[in-house]
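In what follows, chains are A, B, ... by sequence order, proteins preceding strands, each numbered from 1. Since the model is a prediction, treat every value here as computed from it, not as a measurement.
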Protein chains: 2
Amino acid sequence: MDDIDLKIIGLLALDAKRSLADIGGSVGLSPSSVNERIRRLTASGAIRQFTVDLDPAAMGVQTLVFVWIALREDADEAAFRDYAARHPLILECHHVTGAWAYLVKLRVGAPPEIEGFLAELKAHRYLGRSETVIALSSPVPGPFVPKES
Amino acid sequence: MDDIDLKIIGLLALDAKRSLADIGGSVGLSPSSVNERIRRLTASGAIRQFTVDLDPAAMGVQTLVFVWIALREDADEAAFRDYAARHPLILECHHVTGAWAYLVKLRVGAPPEIEGFLAELKAHRYLGRSETVIALSSPVPGPFVPKES
DNA sequence: CGTGAAATCGACCGTAG
DNA sequence: CTACGGTCGATTTCACG
C-alpha cells in the first residue's frame, strides 16, 4: 500500500468507471500494472466492493434520521445487532461510548415513518429508551448506498 | 423510475462491475436497454457516481467518531459548513434537530487524533460546546468512501 | 426496446528489470 | 516481486429497425 495505491484509490472513489489506461496516465503506470494493483487491493480487502452512490431524494428517502438507543435490560443484544444488520432502513448501527448504547442511522421517506420504525423496535422488545434526531440539512451528506432488499 | 430501474440500482449497489449482459439477464432486458437505463439514471442524477467502498482499517482510519457541536454564538455558520465540506476527515456533517446544532461524523487513525480535530475547530472559532462519541464496534458499519484530498 | 456491427476495454500471458 | 507490452475474448456503444 504505497502512494500510488492511495492515488488509484482516490481516483476510483471519485469515478470507479475510469478506464485502466486513463488511471495509468494519471499515476504514471501502464494499464496492466494498474489492473494488477486494483486486483491486489480488491483481493486483500482494502477495496470492499465497487458500488454506486445514489441520490436519496430520487430513491424516495429524503429524511435522514439518527436514533440513540438504550436497549432494554433483558434484550438479547446479539439478536438486536442481527436485526439491525438485516433491516433495510438501517444504514448504519454503531455501539458507542457515552450515555447511549447504540447509534442507528436510517433513511425514511418522511418523518411520520419514524414512528413505525420505533414501534417495530419496541415490539421486538429491544427498545428501552431512545432519542430521535432528524437532519434538517446536510452540508456534507456522505454517500448513500442502499442495502440489499 | 420503475421496478426494473430499482432492480438495476439494487444490483449495481451490490456490485457495480457486473456486465450489462449479466444485469440484463437478471432483469429480463437486453444489454443495450440496461445501458440506456443506467445512462438515464446517471444523467438524471439518481445515480450520483460510481465509486468504491473501502476498508477503513486498511486505510489507516479505524476509529469512527461522532461529534455533537454547538457553534459559538459569533461563529460564521456558512463558513463552518464550507470548512466541513472541505475537511478531509469529516465524512458527514448534518444540521440536526435537538439540543445540538450539528452532528459531525469523522474517521481517524486513533482516539488521540480527535484532540487535534477539536483544537482545530476551536482555533477557527467555530466551536462552542461539543460532545464526542466513539464507536466501539459497528454491527452495521455502512460504506466508507474517502473524500478527495 | 431489441439486434447487429464496430470500437473499446479488460484479462491473461510471457518476459524483462 | 513488480512492471510492461501484446494478444484475445468480452464488453460497451451506436445506428437502425
Can you measure from CG (A:Leu41) to CD1 (A:Ile8) and round to the nearest 0.5 angstrom?
-> 7.0 Å
Of A:Ser30 and B:Arg39, whose closest DNA chain D nucleotide lies nearer the 5' terminus?
->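 Its nearest nucleotide being more 5', the pick is A:Ser30.
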Do B:Arg81 and A:Ser137 get their side chains close enough for a donor-acceptor pair, meaning under 3.5 Å?
-> no
Between [atom2] of [N] and [atom1] of [X], the distance in whole Å:
X       : N      : atom1 : atom2 : result
A:Asp2  : D:dT2  : CG    : P     : 10 Å
B:Arg37 : D:dT13 : CZ    : P     : 17 Å
B:Ile38 : D:dT11 : CD1   : P     : 14 Å

Answer yes if A:Phe50 and B:Ile23 sit in the same cluster of Ile, Leu, Val, Met, Phe, Trp and Tyr residues linked by side chain heavy atoms under 4.5 Å apart, and no otherwise.
->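 Not linked; separate clusters.
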Do other residues, nucleotides or ligands put more than 12 heavy atoms under 6.0 Å from the CD atom of A:Glu77?
->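 More than 12 within 6.0 Å, yes.
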Give the ring-plane orientation class for B:Tyr126 versus B:His124, where under 30° counts as parallel, over 60° as perpendicular and anything between as tilted.
->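 Because their plane-to-plane angle is under 30°, the rings of B:Tyr126 and B:His124 count as parallel.
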Nucleic acid contacts - residues 5-26 of chain A versus DNA chain D, non-hydrogen atoms under 4.0 Å | none
Footprint ends on DNA chain C, 5' to 3', for atoms under 4.0 angstrom from a heavy atom of chain A, come out as C:dG10 to C:dC12
Any donor-acceptor N/O pair, B:Lys17 side chain to A:Gln49 backbone, under 3.5 Å |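 Pair absent, no side-chain N/O of B:Lys17 close to backbone of A:Gln49.
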Begin from the C-alpha positions of B:Trp100 and A:Trp68 and carry the test ring-ring contact (aromatic ring centres under 6.0 Å, His included) through to its verdict.
-> CA-CA 14 Å; B:Trp100 301 91; A:Trp68 297 95; over 10 Å; no
Ion pair present between A:Lys7 and A:Asp3, side-chain N to carboxylate O less than 4.0 angstrom?
-> no
Report yes if a side-chain nitrogen or oxygen of A:Ser33 is closer than 4.0 Å to either non-bridging phosphate oxygen (OP1 or OP2) of D:dC4; otherwise report no.
->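 So the side-chain polar atoms of A:Ser33 do come within 4.0 Å of the phosphate oxygens OP1 or OP2 of D:dC4, strictly under.
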